[in-house]
Number of protein chains: 2
Amino acid sequence: MVKPTVHDIAKEAGVSLATVDRVLNARPGVREKTIAKVQAAVEKIGYVRDTNAANLARQKLYRFAFVLPEGPSQFTDTVKAGLGEVVSSQLVDRVAIKVLTVPSYDPHAVVRSLQTINAARYDGVALMVPETPQIRDAISHLKEEGLAVVTMVSDLPHSTRDYFVGVNSIAAGRTAGLLMGRFLPGGGEVLVVTNSLRSRDSLERRLGFDAVVAEGFPKLSVLPTVESFDDPARLPDVIKDVVKTRPNLVGVYSMGFGNTAVLSALRETGRLSDLTVIMHELTPAVRQALVDNEVAAVITQNVGHLVRSAIRVLRGLCDQQPIYDAQERIRIEIVLRENLPY
Amino acid sequence: MVKPTVHDIAKEAGVSLATVDRVLNARPGVREKTIAKVQAAVEKIGYVRDTNAANLARQKLYRFAFVLPEGPSQFTDTVKAGLGEVVSSQLVDRVAIKVLTVPSYDPHAVVRSLQTINAARYDGVALMVPETPQIRDAISHLKEEGLAVVTMVSDLPHSTRDYFVGVNSIAAGRTAGLLMGRFLPGGGEVLVVTNSLRSRDSLERRLGFDAVVAEGFPKLSVLPTVESFDDPARLPDVIKDVVKTRPNLVGVYSMGFGNTAVLSALRETGRLSDLTVIMHELTPAVRQALVDNEVAAVITQNVGHLVRSAIRVLRGLCDQQPIYDAQERIRIEIVLRENLPY
DNA sequence: TCATAAATGAGGTACGTACCTCTTGTCAAG
DNA sequence: CTTGACAAGAGGTACGTACCTCATTTATGA
């Protein structure tokens, strides 16, 4: 009762090894009838391809480019770290990964960077970029070149990308809204801070947040979004102003960019300890704030999963294999002070 | 710049392939100096063992037994499903897994079952069993036979088991306590329900829960634990009684066994919608209750991770390889209505 | 019925590692 | 100077799959 091999299939189906190989690897030159015969044999003896041997034999190298926003973002750093770990730890093998950083606030620069990517040097691309028409065009171009394209974290649904890897931002916003409402049954005003609502995920988070609060927590009123527009220096004054002029402010929802700046601004107002703060993305600064009881909860996604999923999907696309959506779904994680991962 | 192989090490270190092999696989017959030379070469050229080739070459099969509690437990069912998935999906290969179910309430039966496990048929065992002296002895016996032994979900810290795979129950209890406190800033009485405090994880959850409530939420008072002692029929009456006689009851913390019974008992009291309910383990019934807004939050652990981790650890133990604790740490997940995994 | 193309067979090599045997070299104790 | 133990080299086979070439069979259409 050992594990059956291709030889066993050949014997069972009464064909040669070469034919079995052709069927298994979907190569041409086999009659329909013979294909069926081989597949029946596979079913019957329960053959499963030995991926170790297969990977060893097919000395293929997948060359993927990861396009990430540049600049001092702790979240992006985490993603880069995750990528580095994945590559070094051999958890995913036969992949060569090149990280390209682009100034995400400058769509033209992003496009220029995407234009340097071509089929001669890469088999696939993972993108963490904003949503603009130019970038959508650049993605179309990449697809025409024959590259596999996935978007990460923030999607570009109306582009020709093959797949999106990341959490449902609306659900993430809804989760934040639910937590905020549950934490503040007495009601009051909630401030929402983000980098820019031009970024799709921010917008969707806000939508989800508002929807849940409106449905379930009428005592809570959500103030208009404060945007930093990629300039963290802009935030402190606005935040301080809101905190000062709004005595009923009870909560702050920071949607994930410039969390460090948001935190220090809040600290300066001296009212941080009275506020229920919920943030996105578990970066080092946010983690510390959680430990210090400054932040009530963090909504995050596991970057390790994110990165591995992107790689799996890219590989699947290159091999024209089906993608199991269920396996690629990234969880919306809730982190409190007491369940901080080590 | 291709991936270096053992041949490259041999060339770099100026030794033969056989010697490199001896060093890499820690076989005897190599001088200290030579070992150092080879290791230096490995470092220098950045060699990493090709696990595909290694696994292919070493045609070893790991035979593991999983001992799980029998009976109609939704949680156990989930674990079994996870095991089935792992085995079938080839995510972990070269492992043959046999599931043994035991009546966990009968330590003697558990011991008898463990006695059927021997080194001739298995290389390792994963146990999900209660903590009794007899079972500890049985574990010692398994270790003497030379088997790798890991405990899952609930630990037996004073046994000779090699490793524990699961969450820190105290932290899980603390997380539940923190959520309960945050959800109920007005204070009131909280009922705690469990199967039995004889089970180590239940006891620790309770400890963690109480600690956080005492530290941070003085307005909350935790009532004595209600135990079902493996008899779900016992619960309804007690629960109904408490709910009836305690007008200040605001929350219920169910620590993970018989959640279905707890839920239906609470439903019958008609006060479920006024209560903040927190439960452990995301089973189908609990999931539905979450969707229906009957349960506020669920603390759970990813059984997929749990099972894969157990297998990884068992394999590492068989190979006498170091175990990376950080990788094997199971997260304490918080699930609300809005971040339910699909 | 034969030419031609398509389908299949036979047999090989390669991937990188594990593990085996047999041989040669080295060095020190007797 | 031998003996023996140990270190190291040389060279092999095996794992299961991918992919290649070349020969041969079978089917198809004129």
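Every value quoted in this text rests on a predicted model; they were computed, and no experiment measured them.
- Nearest nucleotide to the A/T34 side chain, out of C/dA7, C/dC15, D/dT17: C/dA7.
- Protein atom NZ of A/K33 is 13 Å distant from nucleotide atom P of D/dT26, rounded to whole Å.
- Comparing C/dA18, D/dT17, C/dG16 by their nearest atom to the side chain of B/R58 picks out C/dA18.
- Partner of A/D123 under the salt bridge (charged side-chain N to carboxylate O under 4.0 Å, His left out) criterion, chosen from A/R63, A/K60, A/K98: A/R63.
- Within residues 35-43 of chain A, no residue has any heavy atom under 4.0 Å from DNA chain D.
- Residues B/I135 and B/V111 form a side-chain contact, since some pair of their non-hydrogen atoms from C-beta on lies under 4.5 Å apart.
- Residues satisfying the salt bridge (Lys or Arg N to Asp or Glu O under 4.0 Å) criterion with B/E131, sequence neighbours excluded, are B/R136, B/R200.
- The nearest whole Å value for the distance from the NE2 atom in A/H7 to the C1' atom in C/dG12 is 12 Å.
- Side-chain atoms of B/V30 and B/V38, non-hydrogen and from C-beta on, never get closer than 4.5 Å to each other.
- B/N52 places its CG atom 17 Å from the C1' atom of D/dA14, with the value rounded to the nearest Å.
- Computed from coordinates, the B/I9 CD1 to C/dT17 C1' distance equals 11 Å when rounded to whole Å.
- Nearest approach of A/T19 to A/T34, heavy atoms of both residues: CG2-CG2, 3.8 Å.
- In this structure, B/Q59 does not reach the C/dT17 phosphate: none of its side-chain N or O atoms is under 4.0 Å from OP1 or OP2.
- The minimum heavy-atom distance linking A/K37 with A/A13 is given by the pair CE-O, 3.5 Å.
- Across C/dG16, C/dT17, D/dA18, the shortest atom-to-atom separation from the side chain of A/L56 is found for C/dG16.
- Note on A/R31: every side-chain N or O is 4.0 Å or more away from OP1 and OP2 of D/dT26.
- Between B/V153 and B/F164 the shortest heavy-atom distance is O-CZ, 3.4 Å.
- Take A/N302 and apply the side-chain contact (heavy atoms from CB on, under 4.5 Å) test, not counting sequence neighbours, and it matches A/H305, A/E333, B/R331.
- Within 6.0 Å of atom NZ in B/K11, 12 or fewer heavy atoms from other residues, nucleotides or ligands are found, so the atom counts as exposed in its surroundings.
- Atom pair B/E32:CD and D/dA7:P shows a separation of 10 Å (rounding to whole Å applied).
- To the nearest 0.5 angstrom, A/R308 atom CZ is 11.0 Å from A/Q327 atom CD.
- Contacts between residues 16-30 of chain B and DNA chain D, defined by a heavy-atom separation under 4.0 Å, are made by B/S16, B/A18, B/T19, B/R22, B/G29, B/V30.
- Under the ring-ring contact (aromatic ring centres under 6.0 Å, His included) criterion, B/H141 pairs with no residue, sequence neighbours left out.
- In this structure, the nucleotide among D/dA18, C/dG9, C/dA18 sitting nearest to the side chain of A/V15 is C/dG9.
- When the P atom of D/dC15 is taken as reference, atom CG of A/D8 falls 12 Å away, rounded to whole Å.
- The C1' atoms of five pairs define one axis at each end of the helix from C/dT1-D/dA30 to C/dG30-D/dC1, and these two axes lie 30° apart (to 10°).
- Checking B/T151 against B/D155 by side-chain atom types alone, a donor-acceptor pair falls below 3.5 Å.
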